[in-house]
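What follows is one structure encoded as structure tokens, with my remarks underneath.
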Amino acid sequence: MELCAMIEIKAPVRVRFAPSPTGYLHIGGVRTALFNWLFARHYGGQFILRIEDTDEKRFVAGADDDIMASLRWVGIIWDEGPDIGGPHAPYVQSQRSDQGIYKTYADQLLAAGHAYMSFTTEEELAQLRAEAETKGLKSFRFRGRERDWPLERQRELAATGKPYTIRFKTPLAGETRFSDLVRGANEIVVQHEQLQDLVLIKATGMPVYHFAHLVDDHLMGITHVLRAEEWVPSTPYHVLLYQALAWNLPVFAHLPVILRQDGKGKLSKRKDDVASNRFWERGYLPEAMANYLALQGWSYDDKTELMSLAEIVERFTLDRVQASGARWNPDKLRDMNGIYIRKLPVEVVAERTLPFLVKAGLIADPPTEEERAYVRTLLPLVHERLEELGQAPELLECFFKPVQPGPDGYDPALLIPKKLDAAQTVGFLRAAHATLTAQLDWSAEALEVRLRALGDELGVKPGPLFGTVRVAVSGRTVAPPLFAMLAALGRERSLARVAAAAAALA
RNA sequence: GCCCCCAUAGUCUAGCGGCCUAGGACGUCACCCUUUCAAGGUGAAGAUCGCGGGUUCGAAUCCCGCUGGGGGUACCA
């Protein structure tokens, strides 16, 4: 009961996703954005996109466009953001920093005695840390010596041109507690002695995440902060900062991390193949990705897994978000993608497959009308075999490229069915060639009737006979159904390939 | 090291004190269908609900400890 009361959510809800443009967005980021978006939509609120580019060193030009493309791909649409603006523009922190927004509040904290100018340089800090380490035992918690100086003295030193950071005067004693919707009713308690004097504004004048995000969240009217679990340890700083600024706290909900496939740590860009654009490049459908991602940490009930975005929006609530980490499972994603591909009308799959065939060089760029039509006739043969659209080129290759036995093509040994020899196989192929040459009706149905009859005439089971012809025609043992393949390939090419196969073994 | 979070099959999860002889899905295996491969159908294996204590008539569900895993510990986000 208590839990229900706590998670009752009143509109209007405003949430944000605030990525840092340091590279492409990985799948974990997409998940976090998705949960924010689902939450906003479920409660009829707003979802805001904000670019947090306060890290000048790791900034990657163009990363913001890449990130936005990833979000749009899975169907996330923001109500306010860097590209479309909004009542709280700009939505890019470097621009907001230029406007002096963060400085204003830093000054306010300075004046109120909640912050101070720290003249300790990064090098000195590194040395202090190293010293603390050699002395062993105690962990290093930095408190600047200037924290007790009068503000005037700090200003005088700053006036000499000595570089400084602005640090938060974190309370030395006591504790901070806060609650988290995902982690339930229990409050998280942190002792202040575990904290240190956090940098608010860097020596460059740029704010640090901990400060900038909070100023913006307040200014932008963010009501709920849904972010990944890795932010839990720094939340006490944020709470303290809200209190120092006399601002209302948003509601926190820390989403479970997505763990690597082997379970050893969270997903990382360097070690894991999880860039979101990799998935559309390989032919994942955004609807499948959204569905899978929604299930990484959230569930609807004990049975339902396949849901459209609209259904997920309707059903998404935070009380069904899990606190424990979810391991990245590409097998499950692939399976789900296959289901979504099969659910799509075959003409649509044909259309969506075109770019992959173009990229593989199988058809022209852009595809001609004939090619498009041909792909439409081909797709039913592979539709249900596709788990990634990117597999289409390999499966359809034999319809666009020559197939021949020998060093430049397939291994002729593949033609010979199990327990049979080359001589017998040549017999099959010649018989098949003769039969097919006489065959005028080239429909799959007619071909099937004719070749089954041939099997009876030869006294062979369908398996070996069809298998040989399959290899002759496609160059591989695993291929779409034979008769449809022959029909799609056409009379001439089929006959030529069967003849070439017979010749190779003769 | 210190702090914080988490803990149901290999994986994702359902479960909010009796409906649980623990449900679903991925993966695995078998069988059916079948011209190969898939898809589809049927079924199986796989969880002493991490371990140990409590609380209770009754615990996967509540409490404590332990263990394990994860996260954090930057003038990164």
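Chain letters run A, B, ... following the sequence lines, proteins first, then strands; residues in each count from 1. The figures that follow rest on heavy atoms only: side chains count, while hydrogens, waters and symmetry mates do not.
- Ring-plane geometry between His210(A) and Tyr237(A) is classed as tilted, the angle between the planes lying from 30 to 60 degrees on a 0 to 90 degree scale.
- Each of Gln296(A), Glu387(A), Met289(A) was scored for a side-chain contact (heavy atoms from CB on, under 4.5 Å) with Leu333(A), with one residue passing: Met289(A).
- Checked by distance alone, Glu305(A) brings a side-chain donor or acceptor within 3.5 Å of a matching partner on the base of G24(B).
- Heavy-atom contacts from other residues, nucleotides or ligands closer than 6.0 Å to CD of Gln127(A) number 12 or fewer.
- Across all strands shown, C66(B) forms a Watson-Crick or G-U wobble pair, both distances under 3.5 Å, with G50(B).
- Within 4.0 Å of His213(A), counting heavy atoms only, lies no atom of the nucleic acid at all.
- Using a 4.0 Å heavy-atom criterion, one finds that Leu482(A) contacts the bases of the nucleic acid, with or without backbone contacts as well.
- If you check every strand for non-hydrogen atoms under 4.0 Å, Arg167(A) touches sugar and phosphate atoms only.
- Contacts of Trp328(A) with the nucleic acid, taken as non-hydrogen atoms under 4.0 Å apart, are absent.
- For Arg385(A) against C37(B), a side-chain N or O and a base N or O form a donor-acceptor pair under 3.5 Å.
- Within the nucleic acid shown, Ala326(A) comes within 4.0 Å of sugar-phosphate atoms alone, with no base atom in reach, counting heavy atoms only.
- Partner Trp231(A) forms a ring pair (Phe, Tyr, Trp, His ring centres under 6.0 Å) with one of Tyr209(A), Phe252(A), Phe178(A) and no other, that one being Tyr209(A).
- Toward the 5′ end of RNA chain B lies the nearest nucleotide of Val190(A), the other residue of the pair Val190(A) and Pro480(A) mapping further downstream.
- Using a 4.0 Å heavy-atom criterion, one finds that Ala323(A) contacts the sugar-phosphate atoms exclusively.
- The residue Thr54(A) sits close only to the backbone: its heavy atoms come under 4.0 Å of sugar-phosphate atoms, none of a base.
- Each of C75(B), A39(B), A38(B) was ranked by its minimum atom distance to the side chain of Lys57(A); first place goes to C75(B).
- Summarising the base pairing, G1(B) is matched to U73(B) through a Watson-Crick or G-U wobble pair whose two defining distances lie under 3.5 Å.
- Taking atom P on both G54(B) and A59(B), the two are 12 Å apart, rounded to the nearest angstrom.
- At a threshold of 4.0 angstrom between heavy atoms, the contacts of Glu122(A) include nucleobase atoms, whether or not backbone atoms are also involved.
- Distances shown here put every side-chain N or O of Arg227(A) at or beyond 4.0 Å from the OP1 or OP2 atom of G72(B).
- Closest to the Phe483(A) side chain, of the nucleotides U35(B), G23(B), C12(B), is U35(B).
- Note on Ser474(A): nothing from the nucleic acid sits closer than 4.0 angstrom, heavy atoms only.
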